[in-house]
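Atoms within each ligand, like the ligands themselves, are counted from 1 in listed order.
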Amino acid sequence: MLLLSLLLQLQPARGTFWRGRDCRDWDGGSYPGRQPFRGDETADYNCNGIWGVDPVTRKPWEDILCKDFDARGIIYIGDSIGAHFHFPESWINPLLISEETLHNYTEPVLNELDWPHLGFATGFMNTTQPLLITGVTDSLYLKLRSRNRCNHRDYQNLSRNGASSYDGMTYVESLARNRSNDKPVLVIYGMYGNDVCNRFSDAVPHMTSRAALHKNVMDVLNTLNAVLPYGSHVVLVGLVDGEFIYPTMAERIHPLGQFHSNLRYDDVYRWFNCMEMGPCSAWMNSNVTLRKVATLRAQQLSVVLKNIAAKEQFAAFSLHYLDNPVPKVMWNWKQEGKPVWQLIDPVDSLHPSQMAQPLIARVLWEDIIKNFPEALGDENPNNQRIEKLFGNQGGH
Ligand SMILES: *[C@@H]1O[C@H](CO)[C@@H](O)[C@H](O)[C@H]1NC(C)=O
Ligand SMILES: *[C@@H]1O[C@H](CO)[C@@H](O)[C@H](O)[C@H]1NC(C)=O
Ligand SMILES: *[C@@H]1O[C@H](CO)[C@@H](O)[C@H](O)[C@H]1NC(C)=O
Ligand SMILES: *[C@@H]1O[C@H](CO)[C@@H](O)[C@H](O)[C@H]1NC(C)=O
Ligand SMILES: CC(=O)N[C@H]1CO[C@H](CO)[C@@H](O)[C@@H]1O
């Protein structure tokens, strides 16, 4: 578990799991999300796999297939939930551990134990390590790509383990978008938990206040307003309510105790809180009063976000608010008669499991379609033709 908290602080280099690949590395003018350069007649400057000229009409393919349909990229600003944090159970559960499961640790560790390439925000591939992480991938990025294949590879995941609203500014500064050259974007701001969750035994004074959240979010929005291409959209997502975690998990056996059936989550939480090293002392706690205080704070902070979205206006983007998707995902799951613990990653018991990822993507997507579909850009009627002409568009 010490290993776990050490890993949460690692910050190594990040590659294409986090951000669409620059397809022509030697050329700084080529990157996902830019407007085509001279119709991308001679090369794929925007890396969406579509370039060249139709020999029949002599028109650039970008003009024929993409130009009339409003394209956009997706940028996700978030915490470990947006980054899809996952600690493989098969590394610590004595019943699952094997030479094979322990073998594949380099890549996950270099990625800070995040799996953004499989997550609900910017996931784009299925797992290649089924013993470490199980379940299929679907994401907002993949849905945006199926809606308009011209959006291929245009994603950035600016999420980091442990991030709260206080970190938003740092992340926005690493955002790559050029107002004059690039396409509009859909920015999702989803700091789900760390403004309420912390490791301290006196958790409440360490929670973010409403005034502080307001300031942190307005700072981010003003910065976005200065850099995003006009016609972009920004969505603020409400905080998650973690009250369900304790009643769902407390009596279950933790993976570390599977062999002798002797270690329950409640024991792990108590140990976490005593050492002040758990990810969320307020909700992972047998004290129901404290859990209710945390829930109230999360609700109040979500109201702050909702009010900002209702009142503020920006030149570069339209601003929207969405309720946190997790309650709807759980409700749907229960309707199907399935137990809620399956949606929670078993080692830390806080993060949504791989099984939950496509469901979170679906709820967010459906809520956007219902409330402000213009944020998603146009459906492209040429998608099949693009697939026929350009195949998998160079992959990811
Ligand atoms: C992942 O696998 C599922 C089931 O085989 C498939 O339907 C889906 O298209 C795959 N997703 C990706 C991103 O390859
Ligand atoms: C280890 O990773 C490689 C490459 O990603 C994959 O082919 C292999 O199946 C993985 N092994 C396990 C046990 O997941
Ligand atoms: C955007 O690109 C143009 C042309 O390449 C360049 O002159 C400008 O400095 C860039 N803007 C930013 C904010 O990077
Ligand atoms: C439970 O939490 C509340 C709120 O933080 C606190 O006032 C109370 O003393 C705690 N109870 C116990 C038994 O620790
Ligand atoms: C906030 C954050 O971690 N941003 C990173 C996203 O990924 C890119 C490249 O993959 C990094 O350069 C950023 O620092």
Nearest non-hydrogen protein atom, [atom]:
atom	value
atom 5 (O) of ligand 4	Leu290 CD1, 3.6 Å
atom 3 (C) of ligand 1	Asn126 ND2, 3.7 Å
atom 14 (O) of ligand 3	Asn178 ND2, 3.6 Å
atom 4 (C) of ligand 3	Asn181 ND2, 3.4 Å

**Message:** If you scan the protein for heavy atoms around atom 7 (O) of ligand 3, do you find one that is closer than 4.0 Å?
**Reply:**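 Answer no: nothing from the protein, no heavy atom, is under 4.0 Å.
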
**Prompt:** Under 4.0 Å from atom 11 (N) of ligand 4, is there any protein heavy atom?
**Reply:**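 Yes, at least one protein heavy atom sits under 4.0 Å from atom 11 (N) of ligand 4.
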
**Message:** Given Asn287, Thr289, Val288, Asn285, identify the one with the heavy atom nearest to atom 13 (C) of ligand 4.
**Reply:** Asn287

**Message:** Check the orientation of Tyr141 and His396. Use parallel for under 30°, tilted for 30 to 60°, and perpendicular for over 60°.
**Reply:** perpendicular

**Message:** Taking the ring of His84 and the ring of His351, is the distance between their centroids below 6.0 Å?
**Reply:**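 For His351 and His84, the ring centres are not under 6.0 Å apart.
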
**Message:** Measuring from atom CG of Asp323 to atom NZ of Lys328, what distance do you get when rounded to the nearest 0.5 angstrom?
**Reply:** 7.0 Å

**Message:** Within a 6.0 Å radius of atom CZ on Arg210, are there more than 12 heavy atoms belonging to other residues, nucleotides or ligands?
**Reply:**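 Atom CZ in Arg210 is not crowded, with 12 or fewer foreign heavy atoms closer than 6.0 Å.
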
**Fill in**
A student checking ligand 1 against Leu142 at a 4.0 Å heavy-atom cut-off should list atoms 13 (C)

**Prompt:** Is the shortest side-chain N to carboxylate O distance from Arg264 to Asp267 below 4.0 Å?
**Reply:**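 Yes.
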
**Request:** May I ask you to say whether Asp154 pairs ionically with Arg177, meaning some side-chain N is under 4.0 Å from a carboxylate O?
**Result:** yes

